[in-house]
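Note that this is a predicted model, so its numbers are computed, not measured. The basis for the numbers below is simple: all heavy atoms, side chains too, and nothing from hydrogens, waters or symmetry mates.
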Amino acid sequence: GTDAHWVYQASSGTPPQNATPSSGGTNLPLLVVAPGDTGFYSSWPGNGPTSSWIAINPASTTNNTYGIYYTTFNLTGYSLNNLCLVGQMGVDDNGLLMVNGTPIMSNISAISNLAPINLPLPAADLVAGNNQLVLGWGSTDNNDEAFRLQGVIQTCGASLTPGQLSVTSSSPANNTTNVPTSTASISLTVNHPLDPLTVNATTLPVMVGWN
């Protein structure tokens, strides 16, 4: 099936490692490579639960490096300082990741196992809007080639446990009484970074009693 996040721009051969997609280029879907597909290498870790191997043509063992693989992520409303890409990466034969054309790691080979990554994102290269995360292919024999990434962008050094969001402090303080209802601001500090676009009167209601 079609991968939900990554696309590619076709090239006549393996693009240079510093290649980035053209703003006017044609984006084509990348496809999931699954066990049983001709292009799935038997030594790759199996797909799932949060990522899969992707390539241009799962039915072929060749020419799957003939394109610039990339995805976009939006940082509108975020502080651009102290952000890291954290997770795991697989690439056959080898490659590196770039953000907006700047490499954020050294070239690696991760074929039989997914390599852990914890990569600082250079604030000077980020924008408060859409950013590009690009795979830069390394040297390749152009046989049984694919890419895999599972990760999140989070505050560097943060340790996040899904489903365990809690308030660590507030102003006014918890259980304070006789606070005027005209108080200009209410602030909450929580234990995880939040996506500002998901904070609203439905997800975080502020109430006086049950009103």
Side-chain angles (χ1 to χ4, degrees), residues 1-21 25 27-73 83-122 125 131-154 156-160 162:
T2 301
D3 181 77
H5 305 287
W6 287 76
V7 296
Y8 79 101
Q9 291 185 4
S11 61
S12 58
T14 301
Q17 198 155 39
N18 62 352
T20 55
N27 294 330
L28 301 168
L30 282 161
L31 305 178
V32 173
V33 191
D37 289 334
T38 302
F40 193 96
Y41 180 49
S42 59
S43 292
W44 292 344
N47 292 334
T50 58
S51 68
S52 299
W53 293 94
I54 56 175
I56 296 171
N57 184 2
S60 174
T61 61
T62 61
N63 298 340
N64 279 308
T65 61
Y66 283 20
I68 301 172
Y69 290 26
Y70 78 102
T71 188
T72 59
F73 58 96
L83 293 178
C84 283
L85 174 62
V86 181
Q88 294 179 298
M89 172 179 169
V91 58
D92 186 351
D93 287 330
N94 59 83
L96 54 77
L97 294 174
M98 297 182 288
V99 169
N100 297 333
T102 299
I104 58 173
M105 64 183 296
S106 299
N107 187 74
I108 66 166
S109 178
I111 298 173
S112 299
N113 296 287
L114 300 182
I117 55 174
N118 192 334
L119 308 171
L121 305 183
D125 294 303
N131 296 261
Q132 289 181 342
L133 180 64
V134 183
L135 170 66
W137 288 106
S139 59
T140 173
D141 58 14
N142 201 38
N143 185 58
D144 290 325
E145 311 289 359
F147 168 66
R148 180 174 175 180
L149 178 69
Q150 59 192 52
V152 295
I153 294 174
Q154 64 182 49
C156 297
S159 178
L160 306 186

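Taking all atoms of both residues into account, the shortest heavy-atom contact from Val134 to Pro21 is CG2-CD, 3.8 Å. The shortest non-hydrogen separation linking Pro120 to Cys84 is CA-SG, 3.6 Å. Here the closest non-hydrogen pair linking Val32 and Ile54 is CA-CG2, 4.3 Å. Closest approach of Tyr70 and Asn27 over heavy atoms only: OH-OD1, 2.6 Å. A pairwise comparison of heavy atoms in Thr20 and Ile68 identifies O-CD1, 3.6 Å as the closest pair. Taking all atoms of both residues into account, the shortest heavy-atom contact from Ala146 to Trp44 is CB-CH2, 3.3 Å.
Gln150 places no side-chain N or O within donor-acceptor distance of the main-chain N or O of Gly87, the cut-off being under 3.5 Å. For the pair Trp53 (side chain) and Pro45 (backbone), a donor-acceptor distance under 3.5 Å is present. In terms of modelled atom types and a separation under 3.5 Å, the side chain of Asn64 and the main chain of Ser60 share a donor-acceptor contact. Remark: side-chain polar atoms of Asn142 are paired, donor with acceptor, to backbone N or O of Asn63 under 3.5 angstrom. Asn47 places a side-chain N or O within donor-acceptor distance of the main-chain N or O of Val33, the cut-off being under 3.5 Å.
Leu149 CG to Leu85 CG: the interatomic distance, rounded to the nearest 0.5 Å, is 6.0 Å. Considering OG of Ser139 and CG of Asn94, their distance stands at 4.0 Å, rounded to 0.5 Å. We find the CG-OG1 distance between Leu133 and Thr72 to be 9.5 Å, quoted to the nearest 0.5 Å. Going from atom CG of Asn18 over to atom OG1 of Thr102 covers 11.0 Å, rounded to the nearest 0.5 Å. For the atom pair CG of Asn131 and CG of Asn100, the computed distance is 4.5 Å after rounding to the nearest 0.5 Å. How far CG of Asp92 is from OG of Ser43: 9.0 Å, rounded to the nearest 0.5 Å.
Under the 4.5 Å side-chain criterion, counting only non-hydrogen atoms from C-beta, Val99 is in contact with Phe73. Between Pro58 and Phe40, the closest side-chain pair of non-hydrogen atoms is not below 4.5 Å. At a threshold of 4.5 Å between non-hydrogen side-chain atoms, the residues Tyr41 and Asn143 do not count as touching.
Judged as a side-chain hydrogen bond (donor to acceptor under 3.5 Å, both in side chains), not a single pair has a partner in residues 109-120 (not counting sequence neighbours).
Counted within 6.0 Å of OH on Tyr66, heavy atoms from surrounding residues, nucleotides or ligands total more than 12; the atom is thus considered enclosed.
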Please evaluate residues Trp6 and Phe147 with respect to the criterion ring pair (Phe, Tyr, Trp, His ring centres under 6.0 Å), reporting the C-alpha separation (whole Å), side-chain torsions for both, the decisive distance (0.1 Å), and the verdict. CA-CA 10 Å; Trp6 287 76; Phe147 168 66; 4.9 Å; yes

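Shown are Leu96, Ile117, Leu114; of these, the side-chain contact (heavy atoms from CB on, under 4.5 Å) with Met89 is made only by Ile117.
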